[in-house]
Amino acid sequence: MRFNPLAAFVALGAFCISTTTAFPPYAPLGGLSARQLEEIVPTLDAKVPPPPPGPPSFTGAQLVDDKDHPWRAPRPGDQRGPCPGLNTLASHGYLPRNGVATPTQIIQAVQEGFNFDNLGARSAVYSALLVDGNVVTDLLSIGGKTRLTGANPPTPAIVGGLNNHRTFEGDVSLTRGDAFFGDNHSFNQTLWDQFVDFSNRFGNGFYNITVASELRFHRIQQSIAENPEFTMLGLRHLTAYGEAALPVNLFVDGRKTGSYKGQLDLESARSFFRDMRYPKGFFRAAQPGGGEGADVIFLAHPTSPGRNNGTVNSFVVDDSLGGILDPCKFYTEFVNTTVRGLYPSPTGVLRRNLDINLGFFYDTIASGLPDCPQVFPYGPV
Ligand code: HEM
């Protein structure tokens, strides 16, 4: 037989990949085939997900830009993503500086570093873990490699995290571009200039609920007019409004009172959104909070869940995954369509951990919507 250098090279490559390339412990398993799961899951350090932490004992304003949490620029390999809150916490060491953390670490960090309320923190973290995290190792990357295209349910992520498009991350972000334009997670100067412009026009130089209402609506109109793949369904319909309120409640220094409350100055805003850094000497909010005001932002210019049809300006209403006006439908479809689409027939430790995390997520739904029944996509637990 003649020596074929190409075949030898390919064979050597395959050998190297199978023996030296470990599956990243934070990479999501959603969308992998049964065969891939059979190979990968036994190589992972499986954990039993612990119950989420409760609220801290002290929940007042407090210096968080302190000497125990110095800002450091991310090092090569450290992961950062679309969330300015989590990026800031990682760059100050409230989260592991490499940007990979457990749900427990994230809940504790957002509570300690921002006074994010316990319910909101649990709801965000378990929904994110279910679609973007590794439920076997109990790890989530706040950035990760971006998968820019995708159907719903998305195709396998392989190396993912919060950058994954159309899971938690979505279109119409205030300071990040739509995935269709190539970068859905980095600070976008053009969008920042627009953020400043709206804050000057509608908030006298501050970002507040009025600015949030106008800018949120404008970003939606912009995406409808420019992004043929614009999509805002289910979870994204809820988060698009909630995220516009977060800076008003959590990026404003907790010592501000009276007419300064709820008014975010633009230098501080830029510090969070662009530099992933607390403004110097920043105090966290004076009381636990999060997305308060999302309803006001929505009601200022109500837009139904929907999407473009493959061309610009082709918006169609699509409430198949629920939305802000029907959170129980959102929950039910999130579990039965989105999560089950990613994990159609899990077994063993994967099934166990999905059930546990789905239970943690349902607890957050039940506390606000007691009449919304729990759904069990894989049968009784
Ligand atoms: C509790 C866990 C959290 C998770 C899992 C999470 C996740 C995310 C994700 C995936 C996005 C991108 C969505 C998108 O715009 O496409 C995002 C955006 C955002 N997050 Fe977080 N986040 C968390 C906590 C926080 C906290 C504590 C804050 C503020 C203190 C925050 C502030 C924001 C803001 C303002 C945006 C919108 C960015 C923009 O539109 O440009 N988040 N978050």
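The first residue in the sequence is number 1, and the count goes up from there. One-based numbering, in listed order, for ligands and for the atoms of each.
A side-chain hydrogen bond (donor to acceptor under 3.5 Å, both in side chains) with H301 is found for one member of R216, H218, Q221, E214 and no other, namely E214. A ring pair (Phe, Tyr, Trp, His ring centres under 6.0 Å) with Y126 is found for one member of F168, F361, F360, F334 and no other, namely F360. Checked options F114, F187, Y207, W71; the residue passing with F272 is F114 (criterion: ring pair (Phe, Tyr, Trp, His ring centres under 6.0 Å)). Here the rule is ring pair (Phe, Tyr, Trp, His ring centres under 6.0 Å) with F251, and of F206, F282, F273 only F273 fits it. Under the side-chain hydrogen bond (donor to acceptor under 3.5 Å, both in side chains) rule, S91 has a single partner from R72, H69, R80, which is R80.
Residue-and-atom listing of protein N/O/S atoms under 2.8 Å from atom 21 (Fe) of ligand 1, sorted by chain and number: C83 SG.
Nearest heavy atoms, A245 versus G291: CB-O, 3.8 Å. Here the closest non-hydrogen pair linking F202 and T210 is O-CG2, 4.1 Å. The minimum heavy-atom distance linking N357 with P49 is given by the pair ND2-CG, 3.8 Å. The minimum heavy-atom distance linking L235 with T167 is given by the pair CD2-O, 3.6 Å. Between N87 and I142, the shortest heavy-atom distance links the atoms OD1-CD1, 3.8 Å.
Counting only heavy atoms of the protein, atom 27 (C) of ligand 1 lies nearest to F116 CD2, 3.5 Å. Scanning the protein heavy atoms around atom 40 (O) of ligand 1, the nearest turns out to be L174 N, 2.7 Å. Of all protein heavy atoms, the one closest to atom 14 (C) of ligand 1 is S173 OG, 3.3 Å. Distance from atom 29 (C) of ligand 1 to its nearest protein heavy atom, with residue and atom name: F251 CE2, 3.5 Å. Remark: minimum distance from atom 10 (C) of ligand 1 to any protein heavy atom is reached at F168 CD2, 3.3 Å.
Which parts of ligand 1 touch P247 is read off a 4.0 Å heavy-atom cut-off, strictly below it: atoms 35 (C). Shown in contact with R236 at under 4.0 Å from a heavy atom are these atoms of ligand 1, numbered in order with element: 13 (C), 14 (C), 15 (O), 16 (O). Each of the following atoms of ligand 1 lies closer than 4.0 Å to a heavy atom of V110: 1 (C), 27 (C). Applying the 4.0 Å criterion to heavy atoms of L250 picks out, from ligand 1, the atoms 30 (C).
Using a 3.5 Å distance cut-off with no hydrogens or angles, the side chains of S223 and D178 do pair a donor with an acceptor. A donor atom on one side chain and an acceptor atom on the other are not found under 3.5 Å apart for E169 and N163.
Ligand 1 does not have F272 within reach: every non-hydrogen atom of the residue lies 4.0 Å or more from it. Ligand 1 is never approached by H185 to a heavy-atom distance shorter than 4.0 Å.
Taking only nitrogen or oxygen atoms, main chain and side chain alike, G170 reaches within less than 3.5 Å of ligand 1.
Contacts with ligand 1 closer than 4.0 Å are made by side-chain heavy atoms of A128 only, the backbone lying farther away. Under 4.0 Å from ligand 1, heavy atoms of T175 appear from its side chain as well as its backbone.
A salt bridge is absent between K256 and D253; no separation between the charged side-chain nitrogens and carboxylate oxygens falls under 4.0 Å.
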